[in-house]
Colleague: 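First the structure, which I've put down as structure tokens, then a few questions once you've had a look.
Order of listing sets the numbers, starting from 1, for every ligand and every atom in it. By convention here, the first residue in the shown sequence is residue 1.
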Amino acid sequence: MKALEGVKILDFTHVQSGPTCTQLLAWFGADVIKVERPGVGDATRKQLVDVEGADSLYFTMLNHNKRSLTLNSKNETGKQVLERLVKTCDVMVENFAPGALDRMGFSWERIQELNPRMIMASVKGFGPGPYEDCKVYENVAQCAGGSASTTGFLDGPPLVTGAQIGDSGTGLHLALGIVTALFQREKTGRGQKVLAAMQDSVLNLSRVKLRDQQRLEKGPLTEYSQYGEGIPFGEATPRAGNDSGGGQPGRILKCKGWERDPNSYTYFITQAAVWQQICDVIGAPEWKEDENYATPPARLPKLNEIFGRIEQWTMTKTKFEVMDICNPLNIPVGPILSMKELAEEPSLRDTGTIVEVDHPERGKYLTVGCPVKLSDSDVAVERSPLLGEHTDEILSEVLGYSPEEISSIRESGAV
Ligand code: CAO
């Protein structure tokens, strides 16, 4: 048995944020029915195409374990099919632009009339307020959620991060909201609306920077490099380069081969509890007892000097040697792993974190598997559906239409 077995999801999502959420629910065992516009489908099917005529990696990597039903929800017959889907499913997930569902005739009030147990889950760019009507994409969310203003170096512009915290991050938040609402429905019998705004999700993930904003009002942020460099703080949480976000100073340092390999770097944290071991490893035993270096407050104004000295040592080792030497001593370090290294890492294949999938149009490709492992609900990653691949199957098995009715639905142009 799979954790969400029996839960039917009407997946009205597209692009990245919504599909991330429904893919996760599919990996937990829900029956996810992806509704797509006939002949067109999710726009990502044909974005960043790398194999002519085949669904793109963008689409396939976000839509595993789903079934695809084509349906024109603006056609009268299509609307009737959609009504039947609403009555049959447990959850509707959507990430249309604000107002699109209402324009289609499926307001929250109408959905409740059709199915009071329905959980209606939405991703929007912003929550209620001045920007609620805006269309929002990943980088807009990163900028509006506080991430960009606090990412990058002090002397450079705001930066977006490569991790898709606005889209995939919001999808993860929404998935949690959905399973929570399903849990509550067990007791109340009622559905509810679930909203995850991209701005809110990014801010939630950037909360340590809101923490620092309030600490800044009480004085300088002493663990930031700029403090040691004597650069005054402004009114808002500044960009902190690769400074650690926690109370223990950390930096990205060069390792052996950095001149040729752009990823030959390690993250190195000068954890207070292992300062003695750090001094021994880098060949600076004199710092162990020196009162100018022995305590964390004494070190704060000298972080550039200290990390410079540590880097002289890391540059003599590969990033993996640094890991091998420091880990047994409980010195927190981490190699900067490239996507190539991750794709080739056998242990990630063994755990199913990276899997190879076969696809009829594009052949074999790599994708991420479910990042959350349930010991009692194993779900194999299955390829994404072709556009409309399961239309007849869903109309007959899930919605109970007869072959004659399916023919007439087809003739109406609804699917
Ligand atoms: N049948 C008929 N019509 C359909 C349909 C179907 N199966 N599926 C969608 N449509 C229609 C919608 O009803 C809408 O029509 P109207 O504009 O007439 O109401 C139209 O297609 C376009 O939908 P959209 O506005 O959601 O799509 P867009 O490409 O213009 O905008 C996006 C895309 C992502 C900016 C917008 O959907 C959005 O802001 N979503 C919320 C935030 C979000 O999820 N952003 C992250 C996306 S990933 O980077």
Side-chain angles (χ1 to χ4, degrees), residues 10-23 33-48 56 58-59 61-63 66-86 92-107 110-111 120-129 131-145 147 160-175 177 193-202 385 387-388 390-391 394-395 409 412-415:
L10 195 179
D11 180 7
F12 230 156
T13 68
H14 63 155
V15 203
Q16 185 181 161
S17 61
T20 316
C21 165
T22 50
Q23 177 167 265
I33 299 168
K34 185 167 174 98
V35 179
E36 298 180 83
R37 223 180 316 193
V40 183
D42 189 322
T44 58
R45 282 187 186 268
K46 297 300 165 225
Q47 272 175 17
L48 308 175
S56 70
Y58 195 6
F59 176 83
M61 291 178 72
L62 284 160
N63 290 286
K66 303 181 185 178
R67 298 198 274 176
S68 168
L69 161 80
T70 49
L71 187 69
N72 182 348
S73 57
K74 289 184 173 164
N75 160 305
E76 269 321 303
T77 308
K79 277 190 204 298
Q80 287 163 21
V81 175
L82 190 56
E83 282 194 4
R84 205 183 278 206
L85 267 172
V86 172
M92 180 201 268
V93 192
E94 63 91 21
N95 67 315
F96 290 126
L101 258 194
D102 290 353
R103 288 193 289 279
M104 237 181 246
F106 288 89
S107 63
R110 177 73 186 127
I111 285 168
M120 197 184 106
S122 304
V123 168
K124 293 288 167 264
F126 293 93
Y131 304 118
E132 63 187 328
D133 291 330
C134 297
K135 290 188 175 184
V136 170
Y137 291 95
E138 171 68 48
N139 288 349
V140 175
Q142 289 198 25
C143 293
S147 174
V160 294
T161 142
Q164 305 283 284
I165 56 175
D167 279 340
S168 289
T170 307
L172 294 174
H173 282 84
L174 191 70
K193 248 166 102 163
V194 179
L195 169 68
M198 294 168 78
Q199 181 184 42
D200 301 8
S201 300
V202 172
L387 180 60
H390 305 98
T391 299
I394 290 162
L395 290 176
I409 291 169
S412 76
V415 296

Colleague: Would you kindly say whether N95 and S17 are connected by a side-chain donor-acceptor distance under 3.5 Å?
Modeller: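 Checked: N95/S17 side chains pair up, N/O donor to acceptor below 3.5 Å.
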Colleague: Could you find the nearest protein heavy atom to atom 32 (C) of ligand 1 and give me its residue, atom name and distance?
Modeller: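 Protein heavy atom with the smallest distance to atom 32 (C) of ligand 1: Y137 OH, 4.0 Å.
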Colleague: Does A97 reach ligand 1 with a nitrogen or oxygen that is under 3.5 Å from one of the ligand's nitrogen or oxygen atoms?
Modeller: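 N/O-N/O distance under 3.5 Å: yes.
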Colleague: Using a strict 4.0 Å cut-off to heavy atoms of V123, name the atoms of ligand 1 that fall inside it.
Modeller: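 Every atom of ligand 1 under 4.0 Å from some heavy atom of V123: 41 (C), 44 (O).
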Colleague: Just jot down the ligand 1 atoms closer than 4.0 angstrom to any heavy atom of V136, in number order.
Modeller: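 With V136 as reference, the close atoms of ligand 1 come out as 39 (O), 42 (C), 43 (C), 45 (N), 46 (C).
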Colleague: If we only count N/O pairs under 3.5 Å, is L71 in contact with ligand 1?
Modeller: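 Yes, there is a polar N/O contact under 3.5 Å.
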Colleague: Which atoms from ligand 1 have a heavy atom of D167 less than 4.0 Å away?
Modeller: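 It comes down to these atoms of ligand 1: 46 (C), 47 (C), 48 (S), 49 (O).
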Colleague: Going by heavy atoms in the side chains, are D11 and V35 under 4.5 Å from each other?
Modeller: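 The answer is no, as the side chains (C-beta and beyond) never meet within the 4.5 Å cut-off.
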Colleague: Against S168, only a single residue in E138, Q16, Q23 fulfils side chain to side chain donor-acceptor pair (under 3.5 Å); can you say which?
Modeller: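 Between S168 and the candidates, side chain to side chain donor-acceptor pair (under 3.5 Å) is satisfied uniquely by Q16.
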Colleague: Among all the protein's non-hydrogen atoms, which is closest to atom 6 (C) of ligand 1, and how far away is it?
Modeller: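 I find the closest protein heavy atom is S73 OG, 3.3 Å.
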Colleague: Hey, which of V415, L71, N75 is the one that makes side chain to side chain contact (heavy atoms under 4.5 Å, CB included) with I409?
Modeller: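 Among the candidates, only V415 passes.
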Colleague: One residue to check: N72. Relative to ligand 1, which of side chain, backbone, both or neither has a non-hydrogen atom less than 4.0 Å away?
Modeller: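 It is both backbone and side chain that touch ligand 1.
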Colleague: Do T161 and Q142 touch side chain to side chain, with heavy atoms closer than 4.5 Å?
Modeller: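 Side chain of T161 against side chain of Q142, heavy atoms only: contact under 4.5 Å found.
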Colleague: Closest non-hydrogen protein atom to atom 9 (C) of ligand 1, residue and atom name please, with distance?
Modeller: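 Atom 9 (C) of ligand 1 sits closest to the protein heavy atom F96 CE2, 3.3 Å.
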Colleague: Testing L195, D200, D133 for side chain to side chain contact (heavy atoms under 4.5 Å, CB included) with K124, which one passes?
Modeller: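 One option only clears the test, and that one is L195.
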Colleague: Using a distance-only test with no angle check, is there a side-chain donor-acceptor pair under 3.5 angstrom linking S68 and E36?
Modeller: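 The answer is yes; a qualifying pair exists.
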Colleague: Out of M104, E138, K74, whose heavy atom is nearest to atom 18 (O) of ligand 1?
Modeller: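 Result: the heavy atom closest to atom 18 (O) of ligand 1 is in K74.
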Colleague: Ignoring hydrogens, just give me the one of Q164, K79, K135, R103 whose non-hydrogen atom is nearest atom 31 (O) of ligand 1.
Modeller: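 Going through Q164, K79, K135, R103 one by one, K135 has the nearest heavy atom to atom 31 (O) of ligand 1.
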Colleague: Look only at the side chain of T391 and the backbone of T70, and say whether a donor-acceptor pair between them is shorter than 3.5 Å.
Modeller: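 Judged by distance alone, yes, a pair lies under 3.5 Å.
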Colleague: Can you tell me if G18 has a non-hydrogen atom under 4.0 Å from ligand 1?
Modeller: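 It does not; every heavy atom stays at 4.0 Å or beyond.
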Colleague: Would you say the side chains of S56 and Q47 form a donor-acceptor pair under 3.5 Å?
Modeller: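 Result is no, nothing qualifies.
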Colleague: Hey, is T170 touching ligand 1 through its side chain, its backbone, both or neither, going by heavy atoms under 4.0 Å?
Modeller: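 Looking at T170 and ligand 1, no heavy atom falls under 4.0 Å.
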Colleague: Considering only non-hydrogen protein atoms, determine which one is nearest to atom 40 (N) of ligand 1 and report residue, atom name and distance to 0.1 Å.
Modeller: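 The closest heavy atom on the protein side is N95 O, 2.9 Å.
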Colleague: For atom 22 (C) of ligand 1, which of the options M198, R37, Q16, H14 provides the nearest non-hydrogen atom?
Modeller: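 Going through M198, R37, Q16, H14 one by one, R37 has the nearest heavy atom to atom 22 (C) of ligand 1.
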Colleague: Are K34 and D42 within salt-bridge range, i.e. N to O under 4.0 Å?
Modeller: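 Yes, this pair counts.
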Colleague: Mind checking whether E36 has an N or O less than 3.5 Å away from an N or O of ligand 1?
Modeller: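 It does not: no N or O of E36 is found under 3.5 Å from an N or O of ligand 1.
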